[in-house]
Amino acid sequence: MNYNPREIEPRVQQQWHDSNIYRVDTDPSKPKFYVLDMFPYPSGAGLHVGHPLGYIASDIYSRYKRLQGFNVLHPMGYDAYGLPAEQYAIQTGQHPEVTTNANIARYRSQLEKIGFCYDWSRELRTCDPEYYKWTQWAFKRMFESYYDTAADAARPISELVKHLEARGTEGLHAAGTKELEFTAAEWHAMDEKAKSDALMNWRIAYLGNSMVNWCPALGTVLANDEVSEGLSLRGGHPVEQKMMYQWCLRVSAYAGRLLEGLEKLDWTDSLKETQRNWIGRSEGAEMHFAVDGSDVVLDIFTTRADTVFGVTFMVLAPESAYVDAVTTSDRREAVKAYVEATRRKTERERMIDKKVSGEFTGAYAINPLSGARVPIYVSDYVLAGYGTGAIMAVPAHDSRDYAFARHFDLPVIPLIEGADVSEQSFDAKSGRMINSKGPELDLNGMEVKDAIAAAKRFIEEKGIGRVKVNYRLRDAIFSRQRYWGEPFPVYYRDGIPCLLPDSELPLLLPDISSYKPTPDGEPPLARAEGWHTPQGYPLELNTMPGFAGSSAYYLRYMDPRNNDALVSREANNYWRNVDLYIGGTEHATGHLIYSRFWNKFLYDLGEVVEDEPFRKLINQGMIQGRSNFVYRIKDTNTFVSADMRDAYDTTPIHVDVNIVSNDVLDTDAFRAWRPDYADAEFILNADGKYICGWAVEKMSKSMFNVVNPDDIVERYGADTLRLYEMFLGPLEQSKPWDTNGIDGVNRFLKKFWGLYYRGDELLVDDSEPTPDNLRSLHKLIKKVTADIENFSFNTSVAAFMICVNELSQQKCRSRAVLEVLPVLLAPFAPHIAEELWHVALGHHTSIVDARWPEACEDYLRESSVNYAVSFNGKARFNIQMPADATPADVEAAALAHESAARWIDGKTVRKVIVVPKKIVNIVVG
RNA sequence: GCCCGAAUGGUGAAAUGGUAGACACGAGGGACUUAAAAUCCCUUGACUAUAGCAGUCGUGCGGGUUCGAGUCCCGCUUCGGGCACCA
């Protein structure tokens, strides 16, 4: 009986399937462990060999934890809403659901072949009404909530309404889009529409204005990558920036908690840093600048309150509401033209275009500290979306302000001693202040750090402004003008957005005849017939974005078929949150922010018990493609081997990696690959081989470097694929897929099998294990256990190889040893482990229910120990001694050592101190 | 520009401050075989060598700490990745 994965693996998988062995339920008698993969978007191309990398790692860990006696939740599902299926629908008219289901079926079959221990009974897809019912439900709760900044938690909007009824906005602690002020009487005087509009200022899910790329000719919103130089890529129509009223989530209210929450998470520092940068906390001050000869007061935000004496002008963002308020009549024309020109550009173009531009508004502001009168400009280097959309410009100490000042010939006042601002600004926050004395405040002579604090204190005391923390994190735009997404459970009564009752959820996505936007620019849902409530009120036409469905899926897995709650209290109390989350780093500022926000919101409502969703997170590296090249001699159909090509003038051409093995081209397959190459001639190297060149590139069809896991499974088996993906290198590191080494791990599995069978002869017997046998085994147990805990799977595979070589050299047949090995291997190569467990070892239960062994230190004692010896700080050498050698023995050995005599150089050795593998000193006199 | 990470043989890579290159691929040599595949064994960082014992140099570059540095510290170089007019 030889190792035959093609026969073993389907049979073993069938056993698992028939016995429902991976099904899990809440079981309070066992500790839980929740291992989650970031669920995939089922694309039409299917899985390539890079996708399973993280899945294999999480599967190893899941199986390991289960062997250790944990009740392991390890589910899988699909992020089923997405653009490709919808684009395909627009082109072909095929319903995205049909495409999506076909892709899911393919993914499922590909995943099953690899032998994962998923509990498929918990499978989810985000486009399933039973699932998106809870996405809609969560949206409703967000609509019905506001963020209480005093309690630092979401609260029902009804509490806020009570406050408004009693006291208006006085004493209100609520995160809002704007600072609204009105009295209780004014609130009572509002009509229903006005009240609804006012509440939108505070709701966590709210309708608000956001900037989008709008193309009037195409009648649609375009993504940034669909626009170039103000024109649509398709058709070349003008595109403008447009304010659109759409659904947003008040993620910014959670910025502080999202930042602080990172502290207690076991994530990599780089990922935490990425989120910190994204959230972008900056501490500073908001200050009021009066506009000369007007009631308008400019609020600006600065982190450098110390530089206020160096303000020589002010700048407004073109979109700022201040622009209209301050511009004087003689400048109105020019300012309007400038604002228009800016609007036509996309945000991206504004960033790329580093040329200084702007217009003078004609107005002047008064510096509240120095009393100086400074001009107010409008320029696109100030962003409307950050701070207040207005800045005080300090050209001496800010490079952007400096460039602007030089361009418009505005004065530059240096504020820090010794700073040379003749060529460039001095941006560093260090030095001693000068030129900073006003009527009431004198910062001169202070260190920058102290000056910032002093200025802030003064500003606060005098009521010129207040200390403020600003975050870069923006609210999430939650509307998409697409079909293939969750419908909003919202209808409009007289223009007022209202929620459908919970009893009417899910609001099903309707069928429509075409997936394009309507001719007058409405989203595809406008085509749906009967898209209104029974009372005739129109339903929302936008759908939710991709991240809606992926923000709480990990909670749903805990209780996936519950019709009464997202997750039952019981299931949530047991499973709590994800102990180990594995996925790509590309979600650092998207999904991983939104999920944390969503979870914290549900936590505030008391719907879930943990305030962070993912306790430990590992980013698996990306698997890049390894492309192969053939070299065609120019103007011929002759191809020259890579090692011979220097002598010729050649063109490299991508060749399908599937007809190349260890960089050697299968020339017959190449001729058959494409008609053009049917008559190809080859110049082979001295060994008669055609060697291909190679390069690391993204895995993609056009590079002919896509490797399908199915092909690897077909050829080598799933266990080889699993082991090889782990053996390739450290989990977190990106690396090219290179099939060159796969034979090595396949050979290892054959050798492993060979410990149990020689032909049909079973080699396992009841002989006593030798000390060497036990030492090899326990070394392996210790190493593999430690490596799995550290997610160092490549080194544990190497440890298996060493152990199998040792045992096979030792001709070990002892059942006591051979019975343990499959258990250790089971997380990595579950099929072969299961087969040997049943057939060679005669067990009747699955290996999945075996127990993980513990290493016994008694067997691990080294027969000899290395000592490192150094003499009086001069030299070092190593001495190998029996394990029970005493320091005196080592000393004697050291002195006997030939080199020792040379180094000691005739001096008398007084003392030798020996510690294995540690510093040893010999003191000479 | 800012932040983070990385750099070790022909290749993928190992290495709590203690024999650098485990393990594997590839390559070379050999065994078995009519032959091939498969399998097994040996060699494989570079250089020098009296090639039978050995020596020198070697972890991107330059310094430093240390008896001892791939590993720690300082200063660079190169390559990846992320963020980027955030006041």
Side-chain angles (χ1 to χ4, degrees), chain A residues 2 268-278 280-282 284-285 300-305 307 315 317 347 350-354 356 379-383 385-394 397-401 403-404 427 470-474 585-586 588-589 619 621-622 624 626 662-664 687 694 696 723-724 727-730 732-748 750-751 754 786 792 794-803 805 808 866-880 903 915-922:
Chain A
N2 288 322
T268 61
D269 288 339
S270 74
L271 186 58
K272 286 192 198 178
E273 194 58 25
T274 304
Q275 287 213 342
R276 274 188 207 110
N277 290 342
W278 187 257
R281 182 180 201 272
S282 66
I300 60 97
F301 176 76
T302 180
T303 54
R304 292 294 300 273
T307 61
V315 189
E347 198 167 336
R350 282 171 60 174
M351 283 190 252
I352 290 165
D353 186 8
K354 299 272 192 211
V356 176
S379 173
D380 64 2
Y381 83 88
V382 175
L383 302 179
Y386 184 75
T388 60
I391 61 152
M392 64 178 210
V394 186
H397 302 287
D398 182 288
S399 52
R400 295 152 303 178
D401 297 344
F404 194 87
D427 291 13
N470 246 329
Y471 294 96
R472 209 183 66 103
L473 186 69
R474 312 279 169 85
T585 183
E586 68 273 17
T589 54
N619 291 123
M622 254 192 294
Q624 297 139 303
R626 187 179 189 276
N662 284 346
D663 291 335
V664 177
D687 302 325
W694 59 274
V696 173
L723 277 176
Y724 187 56
F727 190 61
L728 219 41
E732 304 197 55
Q733 191 172 307
S734 285
K735 56 227 157 192
W737 175 262
D738 178 353
T739 321
N740 287 349
I742 198 164
D743 291 316
V745 290
N746 191 241
R747 233 166 263 162
F748 156 72
K750 287 178 189 161
K751 283 184 200 165
S792 175
N794 55 333
T795 53
S796 33
V797 176
F800 275 111
M801 290 175 175
I802 294 167
C803 180
N805 280 338
S808 104
N866 283 319
Y867 295 92
V869 182
S870 91
F871 292 87
N872 207 28
K874 281 297 176 202
R876 188 207 89 216
F877 57 88
N878 288 277
I879 305 169
Q880 195 175 59
W903 284 106
V915 184
K917 287 281 182 187
K918 286 284 177 201
I919 170 71
V920 177
N921 278 303
I922 298 183

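Below, chains carry the letters A, B, ... as their sequence lines are ordered, and counting in each starts from 1. All of these numbers come straight from a predicted model, not from anything done at the bench.
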> Which comes earlier along RNA chain B counting from the 5' end, the contact point of A:N740 or that of A:D401, where each point is its nearest nucleotide?
Replying inline: A:N740

>> Pick the closest RNA chain B nucleotide for A:S282 and for A:N805 by heavy atoms, then say which residue is nearer the 5' end.
In response: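 The residue mapped nearer the 5' terminus is A:N805.
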
My understanding is that only residues two or more places apart in sequence, or in another chain, count here; which of them pass side-chain hydrogen bond (donor to acceptor under 3.5 Å, both in side chains) with [X]?
| X | result |
| --- | --- |
| A:Q275 | A:R596 |
| A:W737 | A:T739 |
| A:R276 | A:E273 |
| A:D398 | A:R400 |

Taking the same atom, [atom1], in [N] and in [M], what whole-Å distance lies between them?
| N | M | atom1 | result |
| --- | --- | --- | --- |
| B:G21 | B:G58 | C1' | 11 Å |
| B:G62 | B:U77 | P | 15 Å |
| B:C67 | B:U78 | P | 35 Å |
| B:C57 | B:U66 | C1' | 22 Å |
| B:G5 | B:G10 | P | 28 Å |
| B:A22 | B:U8 | P | 16 Å |
| B:C23 | B:U43 | P | 12 Å |
| B:G45 | B:U50 | C1' | 24 Å |

Quick check for you: among [options], whose closest atom lies nearest to any side-chain atom of [X]?
| X | options | answer |
| --- | --- | --- |
| A:W278 | B:C83, B:A87, B:A24 | B:C83 |
| A:P730 | B:A13, B:A87, B:A84 | B:A13 |
| A:K750 | B:A87, B:G82, B:A38 | B:A38 |
| A:T303 | B:A84, B:A24, B:A87 | B:A87 |
| A:A798 | B:C40, B:C3, B:A22 | B:A22 |
| A:D380 | B:U39, B:A87, B:C85 | B:C85 |

>> Using 0.5 Å steps for rounding, measure from the CZ atom of A:R281 to the CG atom of A:L473.
In response: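 Between atom CZ of A:R281 and atom CG of A:L473 there are 13.5 Å.
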
Given atom [atom1] of [X] and atom [atom2] of [N], what is their separation to the nearest angstrom?
| X | N | atom1 | atom2 | answer |
| --- | --- | --- | --- | --- |
| A:N619 | B:C4 | CG | P | 17 Å |
| A:N277 | B:C83 | CG | P | 10 Å |
| A:F800 | B:A22 | CZ | C1' | 16 Å |
| A:F404 | B:C85 | CZ | P | 17 Å |
| A:N2 | B:A37 | CG | C1' | 14 Å |
| A:N794 | B:A14 | CG | P | 5 Å |
| A:E586 | B:C83 | CD | C1' | 16 Å |
| A:R472 | B:C83 | CZ | P | 9 Å |

Does any non-hydrogen side-chain atom of [Y] lie less than 4.5 Å from one of [X]?
| X | Y | value |
| --- | --- | --- |
| A:V356 | A:Y381 | no |
| A:T585 | A:T268 | no |
| A:D401 | A:M392 | no |

Just jot down the side chain to side chain contact (heavy atoms under 4.5 Å, CB included) partners of [X], sequence neighbours excluded, or say none.
| X | value |
| --- | --- |
| A:A588 | A:L271, A:T274 |
| A:T795 | A:K783, A:D787, A:S792 |
| A:N805 | A:K751 |

> Dot-bracket for RNA chain B, 5' to 3', counting Watson-Crick or G-U wobble pairs under 3.5 Å, with [ ] for crossing pairs and | for inter-strand pairs?
Replying inline: (((((((..(((.....[....)))((((((.......))))))((((.....))))..(((((..]....))))))))))))....

>> Using 30° and 60° as the class boundaries, would you call the ring planes of A:F301 and A:Y386 parallel, tilted or perpendicular?
In response: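 The arrangement is perpendicular - the two ring planes meet at more than 60°.
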
> Looking for any heavy atom pair under 4.0 Å, which part of the strands does A:K272 touch: base, sugar-phosphate only, or nothing?
Replying inline: nothing

>> Just confirming the chi classification of B:G9, syn or anti, using 90° around 0 as the syn window.
In response: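 In terms of base orientation relative to the sugar, B:G9 is syn.
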
>> Under 4.0 Å from OP1 or OP2 of B:C25: is there any side-chain N or O of A:R747 that close?
In response: yes

> Counting only side-chain N and O atoms of A:Y386, is one of them less than 4.0 Å from OP1 or OP2 of B:A87?
Replying inline: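 So the side-chain polar atoms of A:Y386 do come within 4.0 Å of the phosphate oxygens OP1 or OP2 of B:A87, strictly under.
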
Taking N or O atoms only and anything under 3.5 Å, show me the protein contacts with nucleotides 6-12 of chain B, one pair per line.
{"unit_1": "B:G12", "atom_1": "O2'", "unit_2": "A:L728", "atom_2": "O", "d": "2.5"}

